[in-house]
Amino acid sequence: MKSISTKMVKLLILALVGSSCLSVLCAAEDFDFFYFVQQWPGSFCDTQKSCCYPTTGKPAADFGIHGLWPNYKDGSYPSNCDPNNPFDQSQVSDLISSMQEEWPTLACPSSSGIAFWTHEWEKHGTCSESAINQHSYFAAALDLKKKANLLQALQSAGIKPNGESYTLADIKGALKDSIGYTPYIECNVDQSGNSQLYQVYLCVDTNGSDLIECPVFPHGKCGSSIEFPTF
Ligand code: 5GP
Ligand code: 5GP
């Protein structure tokens with residue numbers, strides 16, 4: 001009897017290891033999804049805070065990447081998960097020129113972008129290292145930007161960065177129609193108190209590869225009329 005149950009336990013352990021589901025050995029992700037966040041440079045600059053162009057020059061008049069942020073389904077999120085895995089430029093050297101174009105920094109004082117990417121990797125990226133490494137993290141964000149061309153989606157619906165205002169429903173509808181998933185729109189307030197289109201959040205699976213419907217949206221409201229400033 002004893003030898004049978006020992007055998008069964010061994011078989012069970014083998015089965016669990018085989019399916020990689022023994023909790024200590026499981027390759028489980030410790031987050032549920034990513035927010036992929038893009039910022040409109042005209043809105044970042046058009047606030048009481050000033051903005052500074054990167055040392056590489058004025059960015060294109062396009063949305064830029066802000067970050068790829070691991071999140072939990074309950075709306076909370078991990079941050080600064082691994083002080084032993086700092087940003088390492090040598091791991092992403094092949095991506096730097098694309099990052100300068102697609103992930104420009106607008107904070108002052110002017111810088112090359114290294115400080116912004118370091119902050120994003122160390123605060124957010126390190127919390128995804130159970131799923132993807134540093135190179136894959138930055139490559140994933142760059143690929144996602146190609147899959148989610150926000151400016152093209154808005155412009156083809158007549159929503160242009162010309163200082164005019166649009167409704168939240170029109171902005172969300174244009175993005176959903178073109179990209180296929182419902183975005184979260186974050187607004188900020190310009191110097192005259194107008195609500196403006198600041199950031200667009202889309203949700204992504206834990207591999208960083210495919211867009212998904214958001215399991216939960218951030219909180220916050222835009223005004224009824226949302227300005228889309230020039231840049
Ligand atoms: P704010 O408080 O300005 O909305 O956000 C400040 C920073 O907190 C963001 O840039 C981001 O790093 C982090 N953050 C804010 N909201 C979220 C969220 O819902 N998920 C994650 N992962 N990070 C967030
Ligand atoms: P988060 O809000 O993601 O925690 O952090 C944003 C940090 O990155 C801030 O400390 C901010 O000063 C810096 N940063 C550098 N460049 C940019 C930029 O272009 N946009 C935003 N939102 N933050 C930037």
Side-chain angles (χ1 to χ4, degrees), residues 29-83 86-87 89 96 98-132 137-138 140-142 144-145 150-151 181-190 195-206 208 211-222 229 231:
E29 275 86 40
D30 22 30
F31 63 104
D32 297 324
F33 69 96
F34 285 106
Y35 282 127
F36 175 55
V37 184
Q38 298 187 60
Q39 63 180 358
W40 178 249
S43 302
F44 184 89
C45 291
D46 193 13
T47 53
Q48 256 98 355
K49 294 182 275 176
S50 58
C51 75
C52 293
Y53 298 153
T55 47
T56 42
K58 183 179 177 178
D62 188 12
F63 284 85
I65 299 170
H66 180 162
L68 185 60
W69 303 343
N71 231 80
Y72 300 120
K73 280 183 190 157
D74 69 0
S76 68
Y77 59 91
S79 61
N80 300 100
C81 295
D82 188 358
F87 178 71
Q89 208 182 323
I96 294 285
S98 303
M99 286 159 67
Q100 283 168 342
E101 277 174 33
E102 312 296 348
W103 202 328
T105 177
L106 288 165
C108 296
S110 286
S111 72
S112 65
I114 300 289
F116 189 25
W117 308 323
T118 299
H119 170 86
E120 291 299 315
W121 168 255
E122 291 176 359
K123 179 171 180 182
H124 299 285
T126 54
C127 301
S128 67
E129 65 190 15
S130 59
I132 51 177
Y137 177 81
F138 286 97
L142 292 167
L144 287 163
K145 183 165 186 292
L150 304 179
L151 190 61
Y181 297 91
T182 304
Y184 170 74
I185 307 298
E186 180 184 354
C187 292
N188 66 354
V189 175
D190 77 3
S195 189
Q196 57 183 194
L197 176 55
Y198 172 41
Q199 302 202 110
V200 176
Y201 294 56
L202 292 163
C203 291
V204 179
D205 67 359
T206 51
L211 295 168
I212 56 171
E213 282 299 346
C214 286
V216 61
F217 287 108
H219 298 294
K221 273 197 183 153
C222 295
F231 178 65

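Each ligand, and each atom within it, is numbered from 1 in the order the structure gives. All residue numbers in this chain count up from 1 along the given sequence. Heavy atoms only: backbone and side chains are in, while hydrogens, waters and symmetry mates are out.
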Next item on the list: Return the option from P41, P54, C45, A107 holding the heavy atom at the smallest distance from atom 12 (O) of ligand 2.
Entry: A107
Checklist line | Close-contact set for ligand 2 against Q39 heavy atoms, below 4.0 Å | finding: 18 (C), 19 (O), 20 (N), 21 (C), 22 (N)
Check: What protein heavy atom sits nearest atom 20 (N) of ligand 1, and how far away is it?
Finding: N71 OD1, 2.5 Å
Notebook entry, point to check: Yes or no on side-chain contact (heavy atoms from CB on, under 4.5 Å) for D46 and W40, after CA distance, side-chain angles and deciding distance?
Noted result: CA-CA 10 Å; D46 193 13; W40 178 249; over 6 Å; no
Next item on the list: Measure up the F138 and W103 rings against each other and bin them: parallel (under 30°), tilted (30 to 60°), perpendicular (over 60°).
Entry: tilted
Check: Once you round to the nearest 0.5 Å, how far does CZ of F116 lie from OG of S111?
Finding: 9.5 Å
Item checked: Greater than 12 external heavy atoms within 6.0 Å of K73's NZ -> no
Check: Atom CD in Q199, atom SG in C187: separation rounded to 0.5 Å?
Finding: 10.5 Å
Margin query: Is there a polar contact between ligand 2 and Q199, counting only N or O atoms under 3.5 Å apart?
Written below: no
Margin query: Is there a polar contact, in the sense of an N or O pair closer than 3.5 Å, between L106 and ligand 2?
Written below: yes
Note to self: With the threshold set strictly below 4.0 angstrom, can you tell me whether any protein non-hydrogen atom sits that near atom 22 (N) of ligand 1?
What the structure shows: yes
Checklist line | Residue, atom name and distance, where the atom is the protein heavy atom closest to atom 4 (O) of ligand 1 | finding: E186 OE2, 4.1 Å
Check: Which ligand 2 atoms, with their elements, are less than 4.0 angstrom from a heavy-atom of T105?
Finding: 15 (C), 16 (N), 17 (C), 19 (O)
Notebook entry, point to check: Are side-chain heavy atoms of E120 and H66 found at a separation under 4.5 Å?
Noted result: yes
Notebook entry, point to check: Should H124 be listed as contacting ligand 1, given a heavy-atom distance under 4.0 Å as the test?
Noted result: yes
Next item on the list: Distance to 0.1 Å, residue and atom name: give those for the protein heavy atom nearest to atom 5 (O) of ligand 2.
Entry: H119 NE2, 2.7 Å
Next item on the list: Please find out if less than 6.0 Å separates the ring center of Y137 from that of F87.
Entry: no
Check: atom 19 (O) of ligand 1: which protein heavy atom is closest, and how many Å away?
Finding: Y35 CE1, 3.7 Å
Check: Is atom 7 (C) of ligand 1 close to the protein, meaning a heavy atom under 4.0 Å from it?
Finding: yes
Next item on the list: Can you sort out which atoms of ligand 1 are near K123, meaning under 4.0 Å from one of its heavy atoms?
Entry: 7 (C), 8 (O), 11 (C), 12 (O), 13 (C)
Next item on the list: Return the residue, atom name and 0.1 Å-rounded distance of the protein heavy atom closest to atom 24 (C) of ligand 2.
Entry: F116 CE1, 3.4 Å
Checklist line | Distance from atom 16 (N) of ligand 1 to nearest protein heavy atom, with residue and atom | finding: Y77 CE2, 4.1 Å
Next item on the list: Do me a favour and list the nearest non-hydrogen protein atom to atom 9 (C) of ligand 1 with residue, atom name and distance?
Entry: W69 CH2, 3.4 Å
Check: Would you say C214 and Y35 make side-chain contact, with heavy atoms under 4.5 Å?
Finding: yes
Notebook entry, point to check: Is the closest heavy-atom distance from Y198 to ligand 2 below 4.0 Å?
Noted result: yes
Margin query: Below 4.0 Å from ligand 2: does a non-hydrogen atom of P104 turn up there or not?
Written below: yes
Note to self: To check you understand the geometry: which heavy-atom pair defines the closest contact between Y181 and I212, and what is its length?
What the structure shows: CD2-C, 3.4 Å
Notebook entry, point to check: Minimum heavy-atom separation for F44 to C51, with atom names?
Noted result: CD2-CB, 3.7 Å
Next item on the list: Find all atoms of ligand 1 within a distance of less than 4.0 Å from any non-hydrogen atom belonging to H66, and give their numbers and elements.
Entry: 10 (O)
Item checked: Min side-chain heavy-atom separation C203-E213 under 4.5 Å -> no
Check: Measuring from Q89:CD to S112:OG, what's the distance to the nearest 0.5 Å?
Finding: 7.0 Å
Notebook entry, point to check: For atom 2 (O) of ligand 1, is some protein heavy-atom partner under 4.0 Å away?
Noted result: no
Note to self: Nearest 0.5 Å, please: how far is CG in N80 from OG1 in T126?
What the structure shows: 6.0 Å
Check: Under a heavy-atom criterion of less than 4.0 Å, does P70 contact ligand 1?
Finding: yes
